[in-house]
Each structure stands twice: as structure tokens, then as C-alpha cells.
Amino acid sequence: MFHPLVGNFSFFKTNLIMNTKYIRISILLLCFCCFKAQAQNFLSGKIVDSADRGPLKGAVIYIPDLKIAAEADKEGEYVLSKIPKGHYIVEVHMLGFAIKSLPVDIHGAVTLDIALIRSSIQENEVVVTGNSLATSLIRTPQSITEVSNQYLNENSATNVIDAISKVPGVSAITDGQSISKPVIRGLGYNRVLTVNDGVIQEDQAWFDEFGIEADPDAVDRAEILKGPASLAYGSDAIAGVVNLIPEKPLPEGQIKGEIMNNYQTNNGLIGNMVHLAGTNNGISWSGRVDNTMAHAYQDAYDGYALNSQFSNFNADGTIGIHRKWGYSQIHASYFDMATGIVDGTRDSATGLMERQVAYPDLHNDSATYEIPTKQEQTSYTPFCINQRIRHTKVVWDNSIAVGNGGRITGIFSFQKNQRQETNDPTQPNTPDIYYSSNAVTYDVRYVSKQVGGFDYSTGVNGSYQASQSLGTLMLIPNYNIIQGGAFFIANEHIGKFSLSGGVRYDVRQFQGIDHWVDSTTQQPVAPNAFNGYHEFTGFTSDFNGLSGSLGATYKFDNNMYLKGNIARGYRAPNVAECAANGVHDGTVVWNIGDPNLKSEQSLEEDLTFGMNAKSFNFEIDLFNNSISDFIWAQGLLSKASLTYGQDSINNTLNYAGLGNAPVYKYTQSAAELYGGEAVLDIHPATIAWLELNTSFSYVTGGLKNEPDSVKYLPFVPPARITADLKFKRKHIGKSITDAYLKVGMLSCFEQNQVYLQEAANNGFSQTQTPFEYAASQSATAGYILFNAGIGGNLKNKEGHTYAKIYIAGTNLLNTVYMDYMSRFKYYAVNYTTDRVGVFNMGRNISVKLIIPLDIKG
């Protein structure tokens with residue numbers, strides 16, 4: 001329903017003031033609690049090898065909820081001091097040993113001796129995603145997968161989402177090598193929420209070419225929650241959460257760091273990073289600077305995928321204080337990427353991709369494209385079309401002990417996102433599209449002490465975002481979003497049985513700003529001005545949603561476990577779905593938003609069965625996700641279509657030589673997706689040097705009660721199998737430790753559940769673009785890729801590691817393939833071969849060298 005902007009401003013302002021007051025009160029409460037007197041508490045003990053009871057020097061014990069760590073000395077002894085009273089999960093790490101996590105109650109001086117088992121298989125990880133407390137993975141009813149730092153180092157990638165896209169149940173919509181959007185169980189875009197540095201990423205990721213602004217070198221590990229997570233995070237977590245987690249603070253008295261260098265052969269990628277961190281007297285700090293750049297990637301059919309080059313600079317720093325009352329820390333980061341946008345235009349005679357040199361038909365019919373030189377093909381500087389994306393973030397994270405074992409946590413952030421796109425090579429410094437947004441987020445909650453096996457948490461979280469267009473083209477209006485939610489989550493542990501559940505209620509107000517432009521210059525003008533065009537009508541839309549979940553886990557005597565969870569998710573429409581009115585240069589479709597859309601509501605059932613045996617681990621996850629009021633873009637029909645069957649056409653862009661645009665308006669239907677994942681890891685107890693890791697992922701489904709052309713959703717990944725065989729050696733002589741050699745295979749099945757509306761979305765027709773039209777109506781072929789890797793730690797005579805090396809080879813047979821999740825798959829035909837699209841990357845060898853810096857401790 002449309003409302004006058006002025007009439008709703010007072011209500012909008014009142015809500016903002018109320019939320020601002022709540023944030024101020026919360027901050028004051030946190031500051032007050034900092035001075036509450038706390039008794040001194042300690043945790044100490046000895047960490048040993050379970051086989052020979054020998055001390056494990058260098059083993060690290062860590063309490064995730066407090067962000068504090070200690071390292072065992074040469075006798076295996078450790079001490080953690082300045083701990084608030086309470087119940088915690090501690091985890092113990094040592095290279096070559098299985099992670100051990102166990103509960104501990106801290107009250108006064110507590111002794112905890114720990115024995116670790118030699119194993120490279122991790123089966124008892126501690127997870128934090130979707131929970132108020134760090135929780136053992138085995139006791140979490142939700143489907144969560146952890147991606148370890150070792151996995152990230154051993155596998156090559158070109159961006160942070162690419163690094164996790166082979167995890168079971170996870171894939172990525174790709175726009176070349178620099179832009180990847182996460183997809184969880186067939187759903188992506190604003191249905192997958194990204195958490196980075198502990199806060200929800202507030203950016204503008206509502207379009208195909210908008211990726212995730214996160215530094216892969218700053219990610220220590222990742223957790224992927226598969227299924228609705230609205231209970232903890234509110235809107236946009238209807239499919240799941242990708243949680244990118246930074247490194248842990250160092251143990252007391254240490255100063256360490258690392259220098260990292262990475263080179264990749266296919267795209268000439270060069271990555272360099274310097275990182276330094278330390279902890280002294282409870283003050284922890286860290287700093288990092290890194291830069292990555294790559295020229296266009298290559299494949300055997302296309303040669304260089306022109307304009308897929310990118311460069312990415314990042315910097316971040318953290319400082320925190322840890323005391324007996326808890327901790328408080330501030331983190332700041334800056335992300336800056338320049339990336340080309342591949343458009344796939346080719347020279348008709350040679351089939352080579354061409355570089356744009358003039359905007360179409362705006363320069364007296366001069367040549368608009370030319371064949372690039374070899375130097376231009378391997379340039380690290382993007383051509384037009386290109387994007388520059390910047391994301392600046394400041395995070396304030398706090399945990400304060402209160403009462404008799406409880407605590408209040410508060411995490412607040414400010415985020416500034418700037419996204420520019422330049423399309424005219426004759427004006428390379430003038431972005432046509434420029435969206436700039438400022439956002440603040442807050443999350444304040446009370447976490448109770450554990451009584452028996454029961455604990456609970458309750459709180460509020462939300463955000464405010466204001467976005468403004470500073471470019472010459474606008475697909476969406478300037479807008480403001482304010483949202484918040486209140487929740488209650490409880491856990492009960494009774495022996496081998498664990499129960500977890502909660503409820504949440506969210507509200508969101510979206511305000512689109514009224515906007516007039518000059519119909520000739522496209523510059524903003526006053527309402528009803530001469531030659532004025534009312535591009536966007538101001539409106540206010542209100543959304544709300546009820547979320548909840550209930551799940552249980554049971555661990556049997558023989559290391560088998562069973563999990564079940566049912567969750568209701570909620571997603572409010574994004575800005576494009578509410579307010580779009582125009583054509584983005586990356587498409588030929590005129591999109592129209594609808595501010596009267598309803599919120600999506602989902603109901604997902606998950607069932608998991610697993611087993612952790614001495615020589616193998618096995619887990620199978622099954623799910624069914626039903627979504628009411630699923631939002632999608634439906635083609636509109638013109639009045640003539642009633643007689644001639646024609647689509648509605650908007651010819652506004654004819655003046656620019658960009659042709660007619662089919663008109664699509666966002667609408668809603670019911671949708672359902674179902675499938676599952678299976679994982680089998682074999683690590684024979686009698687053959688400690690051998691390991692086999694395999695997985696299978698499958699998802700299917702689509703819109704219900706809709707015609708075949710839109711029955712299947714776009715970018716639902718095909719079935720996939722992965723397998724890696726790994727050979728390990730603890731020592732090779734005296735100078736190499738923890739060495740490994742692995743060979744692997746990735747097999748993607750054919751995807752024959754095709755979203756047939758892609759033809760209209762891309763402007764294809766049987767007469768004018770027959771090759772592209774046929775490709776968009778046909779199955780995308782499956783493929784098999786073979787990979788390998790080798791690596792290890794290099795040590796000096798004193799036994800200290802002076803370098804770590806990781807070599808990873810992907811697509812070793814240089815297979816030419818088209819991944820179904822690539823946005824390049826329907827790009828213009830190569831008339832010299834009749835092949836449609838731009839193919840994925842060919843053979844690539846990545847060499848990563850990490851030089852540890854052990855300055856103190």
C-alpha cells in the first residue's frame with residue numbers, strides 16, 4: 001500500500017529514535033557492568049598425549065565465549081586466569097591431534113587435565129553459529145558444517161565464497177573469478193545471510209553481479225548453517241548462514257604473525273599478506289594488510305576470459321581487553337576491490353573476445369569493440385565494464401559477567417558500503433551506477449548460567465540502513481530500512497539427550513524515497529519540473545514475521561547420533577523486489593518492484609543420522625523446505641498479447657541503442673525444495689597415514705502450481721560428488737613435518753531441471769539468437785574434474801617451523817566445462833565454433849607459502 005512520504009516520516013523517525021535510545025541504554029548497561037566486582041577464577045591443568053601420557057608442548061586451550069586462550073608449556077601445563085564465573089565449552093587444539101571439546105564450570109580455582117588422541121579427523125568441533133553459547137557440534141540439532149583453516153590453506157580459491165563452495169550442500173553463483181554469491185540447498189541472494197567478524201554483513205547484495213565484501217585472508221575458519229536461522233538472525237537467513245570467523249586471540253605473553261605469498265598459474269594471481277598479533281597483560285591486538293590481483297583467467301576454448309581480471313586490497317585491525325569481568329574489543333576493516341565485468345562479446349571472424357571502446361550507438365556509429373592485444377589480455381587492470389566496491393566496517397564486541405554465572409553480550413557495528421559500476425569507456429572515471437549506504441547494527445542479549453543442563457538466552461537485534469544513489473542510472477530508489485527483532489532461545493541437556501528451541505518476532509519498515517529526474521539528462525529535479533519524469537514514487541512498507549525452531553539430538557552408546565529439527569524462517573522483500581523500476585546494464589529485462597509484497601515464510605524439517613567410529617565417520621542429512629509467498633519475477637503481457645501472444649515491452653532504452661526490454665514484475669507463489677547431503681570419511685586405525693573423504697549433495701524442487709517455463713528455480717545446483725584420497729607423513733627426515741599428498745575428484749551431474757524463462761531474461765529468440773535460445777532451453781552438461789595437492793611444514797635444526805607450503809592443482813586435465821551456476825553459460829555464441837557462453841577456468845596450479853613470525857612466546 002502506498003503512503004505519502006511526509007505522512008510516515010514521523011512514525012519512521014519515532015521508531016529510529018526508540019531504537020537509538022535502546023542502543024544507548026544497552027551501551028550504558030554494558031559499561032556499568034564492566035565495574036561489577038568479580039571473584040578471581042582460574043582454570044589450570046595438564047595436556048598430554050593419550051597414548052604415552054607425554055606432555056604436549058604448544059597445545060592451545062581456548063574458551064570461545066570469552067575469546068581467551070592459553071598455551072601448554074614444555075611440561076604440558078597451562079593456566080587460564082581472569083575468567084568470569086560460569087559454564088563454558090573449552091576446546092583444545094594441537095596439530096596432528098583431534099580437537100577435544102568439553103564443558104567446564106568455572107568457580108574459583110578449577111583443575112582440568114586433558115588427554116588428546118592422535119588423529120587428523122575432527123569430529124567434536126565447537127560451533128557458534130545460530131547459538132548464544134559456543135556449543136559442541138554433536139549437541140546441535142541444526143545442520144552445521146565447519147570449514148577449517150587447514151582446509152582453506154590446502155585448497156586454492158580466488159575469493160572467499162569460492163573457498164567454501166565445495167562444502168556439501170553449498171555452491172556459488174559465479175560472475176567470473178572475483179564475484180561469487182553463496183547458495184545453500186538451492187537458495188541464494190538475500191535468502192542466505194553472511195556474518196563476518198561477528199556481525200551481519202550490511203551491504204547491497206541484491207543483484208547478480210554483487211558479491212560478498214570479505215577478505216579471504218582474514219578468515220580463520222567458516223561455519224555454514226544449512227536451514228532457516230531466522231531465530232538468531234532475523235530476516236534473510238531463510239536458507240542458512242555463512243559465518244566467516246576471524247582468528248582467535250593469542251595466548252598471554254605471545255607476539256606472533258605470518259607473511260603469506262600466493263601465486264596461481266592460470267590467471268597470474270599474486271597474493272601477499274602480512275599479519276601480526278599479540279597478547280600482553282590481557283590486552284590483545286592484531287593487524288593485517290593484504291593485496292590480491294589476477295589477470296583474466298583462461299580455458300582451452302575461449303583463451304582469455306577478457307575482463308575477468310581484478311585487484312583487491314584489504315586492511316584490518318583489532319584491539320581488546322580481557323579481564324575477570326569479561327572482555328571488550330574493537331575491530332575495524334577496509335575492503336577495496338576493482339573488478340572487470342565479462343560481457344562475452346566476440347569478433348565474428350576469429351571468435352576472440354573483444355574489448356569495449358565506446359558505448360553502443362552514442363558516438364556516431366564508431367566502432368564499439370576491438371580485439372585486445374596480448375598485453376591487454378593479461379592486464380591486471382579492469383576495462384569497462386567494471387566495478388569498484390568498498391566496504392568499511394567498525395565492530396564493538398562485548399561480553400560482561402553479571403549475577404551468579406550469567407552474562408550480557410553486546411555487539412554493535414557501523415558499516416559503509418560503496419558500489420560503483422562504470423559502463424562507458426569514453427568516461428572511465430564516471431560511474432553510471434553508484435550506490436552508497438550507511439548502516440548500524442546491534443545485538444544485545446542476556447545469557448543465563450547453566451542450572452543442571454538448562455540454559456537460556458534472550459535479547460534483541462536489528463539494524464538501520466540508509467542508501468543513496470550517486471550515479472546517473474537508477475534501478476532502485478534511495479531508501480531507508482529499519483528492522484529489529486526480539487527472541488528467546490533455550491537449551492536442555494539430559495545425559496545423551498539435548499533439546500534446543502526458541503521463538504522470535506521481527507518487524508521491518510522499508511521507506512522508498514520519492515524521486516524525479518530530467519527525462520533528457522537523467523539528473524534529479526524538483527517534483528513536476530519542466531521535462532521532469534517521476535522515476536520513483538515514494539512509499540512506506542511494513543513487514544513482520546514470526547520465527548521459531550525446535551530440535552533434539554541423541555547420542556547412542558556406540559558413537560551413533562540422531563538429530564531432528566523443525567524451523568520456521570522469515571524473509572522480508574529486498575529493495576529491488578519492493579522498488580525496482582528500470583534495466584540494469586547486466587541484463588535486458590526491465591524490472592518492476594511491488595511495495596505490497598508479503599514476507600516469505602518457510603518451514604523446514606531436517607533429519608540427521610551419523611556415526612563416529614574408530615576408522616570412519618559417516619553422516620547423512622535430509623531436508624524439506626516449504627516456502628509460502630516465495631518472491632520471483634514474472635513476465636508481464638501486453639494488451640496485444642491477448643491476441644498475438646506477445647510479451648510486454650518497454651522501449652525506453654531505444655534512444656541509447658540498447659533495444660527493447662521485456663518487462664518483469666515481482667510476484668509471489670508457493671515453493672518447495674528438498675534433498676540432502678551425505679559425508680563418508682574413512683581413516684583406518686591401522687593405517688594412520690591414509691584418509692579418504694567423500695561427499696554427495698542433492699537438491700531439487702521449484703515453484704508449485706506454475707507453468708513449466710518457471711516451474712524450476714534458477715541457479716538450483718545439480719547433484720555433486722566429491723572424493724579426496726590423502727596420504728600423510730608425520731615426519732620426512734628431520735626437516736619436513738606434517739606432510740601430505742592428496743588426489744581428488746569432483747563430479748557435477750547434468751542439470752536438466754532448467755529455468756526456461758532465462759531465454760526471455762536474456763532477450764533470446766529462436767530467429768535472432770537461435771544458438772543462445774537453444775542453450776537456454778537445454779540441460780547443462782555434467783563434468784568431472786581431477787585435482788591434487790601436496791604440502792607440509794619446513795623446520796630448521798632447532799625444530800622450529802620456518803615455512804609452510806601448500807601446492808594445489810585444480811582441473812589438472814584442463815577439462816573444458818560449463819558450470820550450471822555460472823552466469824556466463826548463456827553468453828553470446830562463438831560463430832567460429834557455434835559454442836555458446838564463456839567457459840570456466842582451465843588447469844590452475846596454486847603455490848602458497850606461509851612464513852610464521854614467532855617474535856615472542
Side-chain angles (χ1 to χ4, degrees), residues 43 45-51 53-72 76 78 80 88-104 112-131 133-140 142-155 164 167 219-225 243-251 498 553 555 559 561 563 610-619 679 681-683 685 688 691 693 726 728 730 737-738 740 793 804:
L43 176 65
K46 191 171 185 178
I47 305 173
V48 299
D49 186 331
S50 63
R53 312 306 294 181
L56 292 179
K57 179 185 177 182
V60 174
I61 183 168
Y62 178 66
I63 303 180
D65 287 330
L66 300 178
K67 294 181 172 25
I68 57 172
E71 184 173 286
Y78 72 90
L80 273 170
Y88 304 100
I89 296 291
V90 299
E91 58 180 11
V92 186
H93 300 257
M94 181 74 180
L95 190 63
F97 291 81
I99 295 173
K100 189 161 189 175
S101 63
L102 60 164
V104 60
L112 181 66
D113 295 328
I114 302 165
L116 299 184
I117 300 173
R118 289 187 178 274
S119 174
S120 62
I121 303 298
Q122 309 304 336
E123 58 188 48
N124 197 25
E125 298 98 328
V126 174
V127 294
V128 296
T129 308
N131 300 289
L133 295 164
T135 307
S136 172
L137 182 59
I138 200 72
R139 287 185 173 268
T140 303
Q142 298 158 308
S143 180
I144 300 178
T145 299
E146 183 187 45
V147 182
S148 67
N149 183 260
Q150 181 180 353
Y151 176 95
L152 295 174
N153 280 325
E154 290 183 4
N155 294 275
I164 64 173
V167 170
V219 177
D220 180 68
R221 64 187 182 92
E223 291 178 4
I224 298 147
L225 191 157
N243 189 0
L244 306 174
I245 302 172
E247 80 275 8
K248 306 176 180 70
L250 288 176
S498 298
T553 68
K555 187 173 181 180
N559 292 321
Y561 57 90
K563 299 183 180 184
M611 184 174 183
N612 294 324
K614 189 175 182 180
S615 295
F616 70 90
N617 301 78
F618 170 77
E619 183 174 280
V679 176
D681 297 330
I682 301 174
H683 43 94
E691 184 180 311
N693 304 308
K726 191 173 185 180
K728 303 171 293 182
K730 185 65 179 175
T737 63
D738 301 302
Y740 69 91
N793 300 335
K804 302 176 182 179

- Message: Within the supplied structure, the quantity of interest is the number of heavy atoms (other residues, nucleotides, ligands) at a distance under 6.0 Å from K57 NZ; does it exceed 12?
- Response: no

- Item | Side chains of I144 and L137 in contact at under 4.5 Å (non-hydrogen atoms) | yes

- Contact summary for T553 and K563, nearest pair of heavy atoms: CG2-CG, 3.5 Å

- So K67 and Y62, side-chain contact (heavy atoms from CB on, under 4.5 Å) or not? Walk me through it. CA-CA 7 Å; K67 294 181 172 25; Y62 178 66; 3.9 Å; yes

- Task: Enter the distance from K555:NZ to N612:CG here, rounded to the nearest 0.5 Å.
- Result: 7.0 Å

- Item | Heavy atoms of other groups near K726 NZ, more than 12 under 6.0 Å | yes

- Task: Enter the distance from N131:CG to Q142:CD here, rounded to the nearest 0.5 Å.
- Result: 6.0 Å

- Given side chains that start at C-beta, do those of M611 and F616 come closer than 4.5 Å, heavy atoms only? yes

- Query: Taking it one step at a time, do V92 and F97 satisfy side-chain contact (heavy atoms from CB on, under 4.5 Å)?
  - Reply: CA-CA 9 Å; V92 186; F97 291 81; over 6 Å; no

- Task: Please examine the side chains of D220 and I245, heavy atoms only from C-beta on, and report whether any two atoms are closer than 4.5 Å.
- Result: no

- Query: Counting distance only, does the side-chain N/O of E223 pair as donor-acceptor with the main-chain N or O of V128 below 3.5 Å?
  - Reply: yes

- Query: Considering all heavy atoms of both residues, which atom of L225 and which atom of G130 are nearest to each other, and what is their separation?
  - Reply: CD1-CA, 4.1 Å

- Query: Does the side chain of N617 reach to within under 4.5 Å of the side chain of V679, using non-hydrogen atoms?
  - Reply: no

- Message: side-chain contact (heavy atoms from CB on, under 4.5 Å) for E619 and Y561? Distances and angles first, verdict last.
- Response: CA-CA 9 Å; E619 183 174 280; Y561 57 90; 2.4 Å; yes

- For G76 and P55, which heavy atoms make the closest approach, and how far apart are they? N-CB, 3.5 Å

- Note on the structure: Value for NZ (K46) from CD1 (I114), rounded to nearest 0.5 Å, stands at 13.0 Å

- In Å, rounded to the nearest 0.5 Å, how long is the span from CG of N149 to CD of E247? 10.0 Å

- Task: Give, for atom CD1 of I61 and atom CG of L80, the distance between the pair rounded to the nearest 0.5 Å.
- Result: 5.5 Å

- Closest approach of Y78 to L112 (non-hydrogen atoms, all atoms of both residues): OH-O, 2.7 Å

- Note on the structure: Heavy-atom closest pair (A59 atom, I47 atom, distance to 0.1 Å) is CB-CG2, 3.8 Å

- Item | Heavy-atom side-chain contact between L133 and I89 under 4.5 Å | no

- Message: Applying side-chain contact (heavy atoms from CB on, under 4.5 Å) to L43 and V90, what does each step give before you reach the verdict?
- Response: CA-CA 10 Å; L43 176 65; V90 299; 4.2 Å; yes

- Message: Please report the interatomic distance CG(L250) to CD(E71), rounded to the nearest 0.5 Å.
- Response: 9.0 Å

- Task: Provide the closest heavy-atom pair for V126 versus P64 in the form atom of the first, atom of the second, distance.
- Result: CG1-CG, 4.0 Å

- Would N693 and E691 satisfy side-chain hydrogen bond (donor to acceptor under 3.5 Å, both in side chains), going step by step from the backbone distance to the final call? CA-CA 7 Å; N693 304 308; E691 184 180 311; 3.0 Å; yes

